[in-house]
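A short worksheet on the structure shown next.
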Amino acid sequence: MVTYIRGKGDRNLQSLVNLDNGEVSREVYVNEDIYAQELEQVFGRAWLFVGHESQVPNPGDFILSLMGEEEVILTQDRKGVIHVFLNTCRHRGMKVCRYDEGNALVFTCPFHAWTYDTDGRLVGVPHHKDAYFEELDKSQWGLAEVAQMCNFYGSIWATWDAKAPSFEDYLGPFAETVRWAFMGSDGEDNGLELFSPAQRWRLPTNWKFPAFSFAGDSAHAAMTHLSVNAAAIGPQGEKDGGGRHPMKAPFPAKNVYMAVPDLGHSGQLAIFEQPGIAPYLDTWLADSGVDEYFREQHEKRREKVGDKYIHMQGASPGPFGGGQFHIFPNVTMSNFRILPWHPHGVGMTEAWRLYQVDRNAPKYVKDAIRHFVMRYCGPGGVTESDDMENWNYAHPASLGIIAQKYPYSFHLGLGHNHTDERIPGVTIGDKGPSELNQRSRLTRWVEFMEAKSWDEIYPVSPTKNSSKNGRKKY
Amino acid sequence: MVQGSEPEDKKPPAKVNTPAGMFIRDIPEGAKLRLKGEAIVEVIVNAKDGGWLMGRYLESPEDPEMVGTEDWVFFSDVIEEVN
């Protein structure tokens, strides 16, 4: 039974997440009761990223993924339909699949051999005739399947809550941004595949540390990434100072913080002052032929975009074109990497890294990208290693009785945001570094934690959402 | 007496719940198997999990309606391979 913190006198969630004053109690990140409540009310309710259809291209293909702490099977059944099932036998709970990926005709539980078709139906029960006397209705004991699943331009998302809005409604203004993250570099929808297998590792910190700061905390970069910024890990080597990011052509677009506090999504994305997209700028200087490939693809994309304004993308759309964003609650994305942050206990996060690459790109292009992302990202990537250093020490330094008396500061840029008629429904922070995006995620987090059902948090209504009543600023 | 230490001549006859000499994962598609209840099935697919085979019923004295249908067969229901 989950204990609802909101009922505990002056320790209710509103007192712990006081964003009007820019303060958030450390308890939100370290309290076991709050964590248990998150699993039920955030991860049991929200749309979550599960995987990509390219990971299960053939009938019978499967991968294991996570929704909250719980392991799920993403599989394509023999009729070509994709499913997401809880990885647990309905008989005694044993995992019915113990391989990270593969191809199966059926999922057979190794405990008592109940066996399930790839469409989730229980198709075999030992002794069904001679000991169950055919009285067990197999049709009622199939694998537990998510309440809703969505294949969004190749990316697979799911929710356990049948009352959740459609995935596109859940995304709101960020739907087009997510769509672009799964385009090929030539601008074709669903033109990608993911490198396999995913990188997976665990960080000794609460999941919200990375999830609520990534794509919303540019203020950390100057100090945290001081060394990697000088290490010339970008594909251009030491040219132009040797930055860690690929080089991009200038274009009249402004990178800003963008947040939809009503939905919890936010990012560091661009407002464009000119239609179209930037020309291609060579950056893969050490990898023969890669720039030629991307230049050709990029021109195809420029033709497709034409004279449209493409707000809420990176300033130079295309592979590594800048811009990253976060879909509430726990996945950060850009057009070259997907960063799910899975909770694994209040003080542990299981991070996954998946990297997009043009499905039809030649091998030397895929190799160049793989080498770059491994230098940059994941458990061995030098940029993300910098980040982990902070999160992994911030968590234990916040556990103490004395430490918990001191709230975190979320003041950066508070109240200095605005809206723009070009992107309705989006709050913008463009006056330097801001914690707008982090505040917007926490705002939505409180709403999920307080609400008894989706009816209270969608459609979004100021009169329903008590956490925002009277709030004038983010 | 410790279980399993019975003299050979006192042991009960082995129940054939695993076909003698048959390794269920190696049974090829097309093989015909006799099941408990004297049903005969032709193996359509071997799940290769050591437990289950998909079979088409060719004979089914106890339940004639099964003839022509396909269903999953658990290895302990297999008596022997028939030619």
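When reading the values below, keep in mind they use all heavy atoms of this one structure, side chains included, and skip hydrogens, waters and symmetry mates. As the structure is a computational prediction, the values presented were derived from the model and not from experiment. Chain A is the first sequence line, chain B the second, and so forth, proteins listed ahead of strands; every chain is numbered from 1.
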> Excluding sequence neighbours, so at least two apart, what forms side chain to side chain donor-acceptor pair (under 3.5 Å) with A/Glu101?
Replying inline: A/Ser196

> Which residues satisfy the side chain to side chain contact (heavy atoms under 4.5 Å, CB included) test with A/Thr88, sequence neighbours excluded?
Replying inline: A/Leu86

>> Give me the atom names and distance for the closest heavy-atom approach of B/Ala47 to A/Leu105.
In response: CA-CD2, 3.9 Å

>> Once ring pair (Phe, Tyr, Trp, His ring centres under 6.0 Å) is applied, do any residues pair with A/Phe195, and if so which ones, sequence neighbours excluded?
In response: none

> Which bit of A/Val123 comes within less than 4.5 Å of chain B, counting heavy atoms only: side chain, backbone, both or neither?
Replying inline: both

> More than 12 heavy atoms of other residues, nucleotides or ligands under 6.0 Å from CE of A/Met348: is that the case?
Replying inline: yes

Could you show, one pair per line, the donor-acceptor contacts under 3.5 Å between chain A and chain B?
residue: A/Thr108; atom: OG1; partner: B/Asp49; partner atom: OD2; Å: 2.2
residue: A/Ala113; atom: O; partner: B/Trp52; partner atom: NE1; Å: 2.9

